Undergrad: 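Have a look at this one before I ask anything.
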Amino acid sequence: MAVYLDHAASSPIRPEVLLRYTADLALVGNPSSVHGFGQRARQTIEDAREQLAAAVGCHRSEVIFTSGGTEADNLAIKGLYWSRFNADNRRRVIISTAAEHHAVLDALEWLESHGPEHQRAELHLLELDANGHFSLEELEKFLSERADEVALISLMWANNETGVISPIARVCQIARDHGVPVHSDAVAAFGHVPVHFAGSGLALLTITAHKIGGPVGVGALIVSRDIDLVPVSHGGGQERKLRSGTLNAAGAGAFALAATTARATLNERAERDGALKAKLIASIKEIAPAVQVTAENAETLPSTVHIRFTDCPGDSLLVLLDLKGVAVSTGSACQAGVINASHVMLAMGRDEAAASECIRVSFGYDTSEEDIDQLLAVLPAAYLGSRKAGAVR
Ligand SMILES: Cc1ncc(COP(=O)(O)O)c(C=O)c1O
């Protein structure tokens with residue numbers, strides 16, 4: 001039986017979520033319509049909003065449904081940049097890192113390179129150490145010198161490739177002292193480690209359904225009530241005028257159910273994942289003693305294992321494992337069928353060769369010890385095969 005260990009890319013929809021989702025797809029009516037059909041669809045949305053708010057620790061009015069994490073990140077970054085710049089045109093600096101997801105990085109780079117010169121953003125990317133950590137001292141120092149010019153900070157809660165967790169609460173404390181709002185992309189973290197919006201001090205938080213057993217195509221931006229955003233798209237004025245477009249009642253309901261279930265089972269899954277992760281790492285070290293576990297001594301997601309197999313191309317290891325029925329990832333972007341060296345690894349100071357020798361194994365709600373055993377059973381041959389492939393390149 002095929003084994004799926006790429007939940008960080010997209011997790012299969014939970015059976016109970018699928019049931020609810022498919023039933024709700026039959027809902028009739030636009031949630032903005034006044035008649036009974038519309039009102040029933042609206043009720044599905046509002047119930048979902050309430051449940052999602054409880055799962056993420058925010059007020060229901062702070063949930064802005066989107067089509068996923070990418071849209072939420074774009075709304076957060078562009079919307080907050082424009083709003084802060086419009087209020088004070090000295091605020092053009094955005095603080096982030098080079099290891100963010102492309103939904104953040106490319107939005108940042110777009111703000112840096114488009115529009116009239118005087119409106120363009122200036123990026124300040126915090127350096128990362130070999131464990132993927134930025135320096136809170138560097139952040140503090142930069143803010144004490146230039147806080148008046150900073151529009152926002154955007155730092156992910158956990159990295160989707162390496163699983164490295166950021167000290168978001170500390171970032172928010174420092175930023176608050178300097179009056180700077182913080183956005184965090186919690187797509188990789190939400191549902192795997194505790195994420196509580198109100199307790200975090202964040203202004204904006206991105207989450208998406210398909211990483212936690214919900215459907216693809218629905219996500220949310222959590223927007224603190226005291227934050228002004230300029231909308232990115234314009235239309236019917238739904239979602240506090242921040243995200244126009246007919247509301248996706250079935251998607252919202254399914255997302256809320258997936259989030260509620262993930263929240264309720266968080267502790268038991270963290271314990272199970274921690275044990276699976278420890279077993280996997282220990283066994284891999286026996287198979288291939290030269291491996292390097294990324295950020296081994298740092299705080300990482302229990303559901304993500306990121307490993308460099310020295311002298312072994314990650315892409316051929318991935319393909320050989322796939323041929324044996326085990327799906328993992330290199331963690332890095334695949335464009336037009338070509339796997340590029342991971343920008344996250346490069347940002348952590350690895351060279352191109354090291355950055356292309358990595359494999360990410362990620363667990364989800366239905367991952368079992370048998371899955372790990374099947375991976376371990378096929379790994380030795382795949383490892384030898386891809387080392388040979390690497391030697392002839
Ligand atoms: C950290 C992170 N942010 C954002 C996204 C984009 O989310 P979506 O696929 O819902 O647009 C992803 C998806 O891979 C992600 O891992």
Side-chain angles (χ1 to χ4, degrees), residues 4-13 17 21 52 56 63-79 96-110 128 132 134 154-166 168 182-193 195 202 204-222 232-233 243 245 248 251-252 254-256 258-259 262 294-295 300-301 303-306 327-335 339-340 342-345 347-348 358 360-364:
Y4 186 75
L5 290 169
D6 194 15
H7 291 259
S10 196
S11 209
I13 193 162
V17 175
Y21 186 46
L52 193 61
V56 74
V63 176
I64 303 296
F65 284 112
T66 66
S67 63
T70 302
E71 187 189 351
D73 281 340
N74 272 268
L75 174 57
I77 287 164
K78 294 172 186 166
S96 189
T97 77
E100 299 294 311
H101 189 271
H102 277 291
V104 167
L105 270 184
D106 290 23
L108 294 178
E109 283 164 13
W110 187 85
L128 296 178
F134 50 83
S154 181
L155 293 166
M156 66 204 314
W157 196 298
N159 187 278
N160 51 297
E161 283 186 30
T162 61
V164 170
I165 296 175
S166 309
I168 290 298
V182 184
H183 162 249
S184 184
D185 177 332
V187 162
F190 183 55
H192 297 280
V193 286
V195 169
L202 286 167
L204 301 166
L205 178 92
T206 295
I207 50 178
T208 196
H210 73 103
K211 311 283 183 173
I212 57 162
V216 175
V218 57
L221 182 66
I222 311 301
V232 170
S233 55
R243 198 277 178 176
N248 174 0
F255 185 14
T294 308
T300 52
L301 295 175
S303 51
T304 301
V305 180
H306 190 271
V328 298
S329 162
T330 60
S332 52
C334 173
Q335 274 156 0
I339 299 177
N340 302 311
S342 153
H343 75 282
V344 175
M345 288 288 102
M348 289 165 67
C358 298
R360 176 188 68 188
V361 181
S362 53
F363 316 147

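These numbers were taken from a predicted model, which means no experiment stands behind them. All ligand and atom numbering here is 1-based and tracks the order in the structure.
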Undergrad: Please confirm whether the backbone N or O of Ala8 pairs with a side-chain atom of Ser362, one donor and one acceptor, at under 3.5 Å?
TA: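 Yes; judged by distance alone, with no hydrogens or angles, the pair exists.
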Undergrad: Check whether any side-chain N or O of His343 sits under 3.5 Å from a backbone N or O of Glu100 as a donor-acceptor pair, and report yes or no.
TA: yes
Undergrad: Under 3.5 Å, is there a donor-acceptor pair between the side chain of Lys211 and the main chain of His7?
TA: no
Undergrad: With under 30° as parallel and over 60° as perpendicular, where do the rings of Phe190 and Phe255 fit, or are they tilted in between?
TA: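 Ring orientation, 0 to 90° scale: perpendicular.
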Undergrad: Check whether Ser184 reaches the backbone of Leu155 with its side chain - one donor and one acceptor, N or O, closer than 3.5 Å.
TA: yes
Undergrad: Taking non-hydrogen atoms within less than 4.0 Å of ligand 1, which protein residues qualify?
TA: Gly68, Gly69, Thr70, Asp73, His101, Met156, Asn160, Asp185, Val187, Thr208, His210, Lys211
Undergrad: If we ignore hydrogens and angles and just use 3.5 Å, is the side chain of Thr294 paired with the main-chain N or O of His306 as donor and acceptor?
TA: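 Confirmed, Thr294 side chain pairs with His306 backbone.
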